[in-house]
Structures are given as structure tokens and as C-alpha cells.
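Throughout, numbering of the chain's residues begins at 1 and tracks the sequence. Everything numeric in this text was worked out from a predicted model, so none of it was measured.
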Amino acid sequence: MPANLTPMYRKAEEAFRQAKTTAEKLAALEEMYALIPKHKGTEKMQADIKRRMSKLREAGEQVKAHGGIDLFHVDKHGAGQFVLLGMPNSGKSALVGSLTKAHVTVAPYPFSTHAAVPGMMPFEDVQIQLVDLPPVTAEGPVPGMVGALKAADGIIICIDLAADVLEQMEVCMGLLETRGIVPLGRQAPEGGVARRMLIVGTKADLPGAADNFQALKELHGGIAPMAAVSTETSEGLGEVPRQCFRLLDVIRIYSKEPGKPPDKEKPFVLPRGSTVLDLAGAIHHDIAANLKRARIWGSNVYDGQPVPREHVLSDRDIIELHV
Ligand SMILES: Nc1nc2c(ncn2[C@@H]2O[C@H](COP(=O)(O)OP(=O)(O)OP(=O)(O)O)[C@@H](O)[C@H]2O)c(=O)[nH]1
Ligand SMILES: [Mg+2]
């Protein structure tokens with residue numbers, strides 16, 4: 001029986017030949033496996049692709065056992081970093097492309113993203129970093145990808161509302177669980193981490209999406225907050241930065257020089273519970289070391305009230321530091 005390979009499959013095969021790193025090779029093989037016509041004539045080829053995939057995964061595991069390499073590492077910027085986790089074609093890149101200025105690859109075929117692509121997402125007067133990642137499948141993640149999930153401040157789990165939402169949740173949560181990554185507030189296993197999580201149902205404009213979102217909420221609502229969005233109609237998109245900001249649990253502080261108006265352009269972003277001294281330290285360690293007095297404008301204080309260095313700050317406080 002002829003194999004009847006499609007041009008898209010041939011393209012994936014070519015990508016495999018060009019691939020230099022293990023991650024690139026694996027991504028190309030996964031694409032080949034996804035695209036190969038599934039019939040008797042290709043059974044041998046399918047088995048061969050699977051064999052090559054597991055060999056590469058083993059190599060990846062070995063690398064990890066020897067200290068691990070974080071192939072998709074992105075330096076953090078802004079108020080916090082959220083990475084995107086989802087199955088092929090779930091709309092991760094479209095989401096990052098809609099919320100940031102990043103040049104992402106959005107494509108109607110699976111496995112279109114091969115590298116980590118960062119972008120900055122504005123929320124009010126702060127910037128939150130999003131990182132687009134390659135997909136995860138039932139076979140597992142691309143080697144070297146788990147480090148990026150663990151290193152991030154938060155994870156956005158992308159679920160295509162026009163596909164099997166429960167299968168997607170199973171694959172995504174299964175991956176997180178086996179790598180010891182649990183939602184913040186739960187006890188992480190030894191060697192694991194607790195991370196902020198947001199579940200984003202994508203393609204809310206497509207038929208059946210509303211019902212699928214409802215099912216998702218009923219079954220998995222307890223894990224993390226959820227939002228339904230569409231990059232086609234922009235429905236619900238504003239929820240993503242709002243929820244990410246809320247999850248980060250940070251405060252914005254504006255600094256002010258004596259006799260001058262505050263710098264309202266670029267707030268200092270600090271963890272909730274931070275004090276006047278923490279702010280001084282974030283500006284410069286010399287300021288923290290020599291801090292004499294501070295005055296505050298904000299909630300629950302009178303304008304210009306003197307406060308001690310231990311004073312706990314609130315979101316949007318204005319602080320004047322005297323050294
Ligand atoms: N109707 C509709 N289509 C969408 C939406 N978001 C993404 N798509 C389409 O879904 C397909 C996949 O989108 P991508 O953003 O490339 O998906 P991905 O999760 O990054 O895919 P991989 O990188 O392969 O894992 C593309 O054809 C998009 O145009 C949406 O909100 N509505
Ligand atoms: Mg993508």
C-alpha cells in the first residue's frame with residue numbers, strides 16, 4: 001500500500017533533517033508523527049518515528065540526570081514571568097501574539113512553535129512577561145522544557161475550547177504532577193515547586209466553546225482561576241493580564257523626591273507585605289543603608305505622614321525617602 005505522504009509531512013521530515021539540537025529533532029519527529037497518514041501502509045514508518053522519539057527522550061532524560069539543561073530559559077523581566085503550557089494547536093502563540101508585541105508563529109498545523117518566545121504584556125502601569133513555548137503531548141514535553149515551567153513565576157495552561165478539553169487538562173496537569181509542579185497553596189513534593197496557575201480556555205468564538213468551558217469549570221474549577229478568551233473576537237482577552245497581575249500578588253509603589261511630584265510613569269513592583277526599607281533596598285542599597293525618614297501618601301494614612309522603615313506598604317502608595 002502506498003504511503004501517500006502529504007506535503008506537510010515532507011516539510012516536517014525536512015525540518016528533522018535540518019534540526020541541530022535534540023529539542024529541534026524531537027519537535028520535528030513529533031510533527032512528523034502527528035502528520036503522517038495513519039493507515040496500514042505507514043505502520044512501519046510510524047513505529048520508526050516513535051522509536052526515534054523515545055531514543056531522543058531518553059537522551060534528554062540523561063542530560064537532566066546530569067544536572068539538567070534548561071533549553072527554553074528566558075531571563076525574567078517586568079513584574080513577573082508566566083509561561084504558556086498547552087497541547088499542539090491550542091492557541092498559545094495566538095494568545096501571546098495578541099497580548100504582547102512578540103513575533104510569534106501562529107499556524108493552523110500543530111508543532112508550529114519550536115523555541116521560547118518572550119513578550120511583555122501590559123497591565124495598567126506594569127509589564128508582565130509572557131513566554132510562548134512548544135507544545136506538550138500525551139508523549140510528554142520536549143526535553144529541556146520543564147526547567148522553564150519550574151523557573152517561571154506562573155503557568156498559563158491553554159485549553160482549546162473547540163477540542164477535547166478534558167483530555168487536554170489531563171495531559172497538562174499530568175505533566176505538571178509528574179514533574180512535581182503543583183498550584184500555589186498546595187504542598188509541593190520533595191524537589192518540586194508550587195507555582196501560580198491560570199487556566200485559559202482559548203477559541204471561545206468557536207461552536208461548542210461555551211459548553212466546553214462550563215464543563216471545564218465544573219470539573220477543574222478548584223485548581224486555578226479560569227478565563228475564556230478568543231483572539232479572533234478579543235472576547236475575554238483583558239482577563240488574562242488582570243488575573244496574572246492578581247496572581248502575582250505584588251504592589252506598585254511610586255517614589256517621590258522632596259518638593260517634586262511623584263514619578264507615576266514607572267512604579268517599583270514589590271511583593272505584597274514589603275516595607276519602606278524593602279523599597280529603599282530595591283532602589284539602591286546605599287539608600288537602604290542610609291535611610292533616615294520616609295513620608296507616605298496613600299490609603300489609610302494622611303498625606304505626607306511620616307512612617308517608620310518597618311511600615312508595610314500598600315498598592316499605589318507614594319513614598320518620599322530621606323537619606
Ligand atoms: N477561531 C479561533 N482560532 C484560533 C484562536 N486562537 C488560535 N486560533 C487558531 O488556532 C490555530 C493554532 O494556533 P497557535 O497559536 O499557532 O497554536 P499553538 O498552541 O501555539 O500551537 P503549537 O505552537 O503548534 O503548539 C491557528 O490556526 C490559529 O489561527 C481563537 O481564539 N479563535
Ligand atoms: Mg505555538
Quick one: do M197 and L184 end up in the same hydrophobic cluster if we chain Ile, Leu, Val, Met, Phe, Trp and Tyr together by side-chain heavy atoms under 4.5 Å apart?
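No, M197 does not connect to L184 through the hydrophobic network.
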Compare all side-chain heavy atoms of [X] with those of [Y] and state whether any distance is below 4.5 angstrom.
{"X": "E139", "Y": "K50", "value": "yes"}
{"X": "L161", "Y": "V165", "value": "yes"}
{"X": "E31", "Y": "L35", "value": "yes"}
{"X": "I319", "Y": "L313", "value": "yes"}

More than 12 heavy atoms from other groups under 6.0 Å of [atom1] on [X]:
{"X": "E170", "atom1": "CD", "answer": "no"}
{"X": "K256", "atom1": "NZ", "answer": "yes"}
{"X": "N300", "atom1": "CG", "answer": "no"}
{"X": "K38", "atom1": "NZ", "answer": "yes"}
{"X": "E124", "atom1": "CD", "answer": "yes"}

Any donor-acceptor N or O pair under 3.5 Å, side chains [X], [Y]:
{"X": "Y254", "Y": "D125", "result": "yes"}
{"X": "D205", "Y": "S230", "result": "yes"}
{"X": "T105", "Y": "T113", "result": "no"}
{"X": "D160", "Y": "T202", "result": "no"}

Minimum heavy-atom distance [X]-[Y], with the two atoms named:
{"X": "L216", "Y": "M226", "value": "O-CE, 3.5 Å"}
{"X": "Q46", "Y": "I36", "value": "CG-CG2, 3.8 Å"}
{"X": "I128", "Y": "A79", "value": "CG1-CB, 4.4 Å"}

N/O donor-acceptor pair under 3.5 Å between [X] side chain and [Y] backbone:
{"X": "D317", "Y": "S314", "result": "yes"}
{"X": "D263", "Y": "S255", "result": "no"}
{"X": "S234", "Y": "T231", "result": "no"}
{"X": "R196", "Y": "C244", "result": "no"}
{"X": "H284", "Y": "G281", "result": "no"}
{"X": "Q305", "Y": "Y302", "result": "yes"}
{"X": "T42", "Y": "M45", "result": "no"}
{"X": "S90", "Y": "M87", "result": "yes"}
{"X": "S274", "Y": "L270", "result": "no"}

Pair R17, E14 - check salt bridge (Lys or Arg N to Asp or Glu O under 4.0 Å), show working. CA-CA 5 Å; R17 274 193 288 271; E14 181 56 30; 3.3 Å; yes
Note to self: Would K11 pass as a cation-pi partner of F16, given that its NZ or CZ must be under 6.0 Å from the six-membered ring centre and within 45 degrees of the axis?
What the structure shows: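 No; the conditions do not both hold, so K11 does not lie above the ring face of F16.
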| task | Test D153 against every option in K76, Q81, Q129, R195 by the side-chain hydrogen bond (donor to acceptor under 3.5 Å, both in side chains) rule and name the one that passes. | result |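 Result: among K76, Q81, Q129, R195, K76 is the only option passing the side-chain hydrogen bond (donor to acceptor under 3.5 Å, both in side chains) with D153.
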Are [X] and [Y] within salt-bridge range, i.e. N to O under 4.0 Å?
{"X": "K92", "Y": "D132", "result": "no"}
{"X": "D48", "Y": "R52", "result": "yes"}
{"X": "R57", "Y": "E30", "result": "yes"}
{"X": "K260", "Y": "E320", "result": "no"}

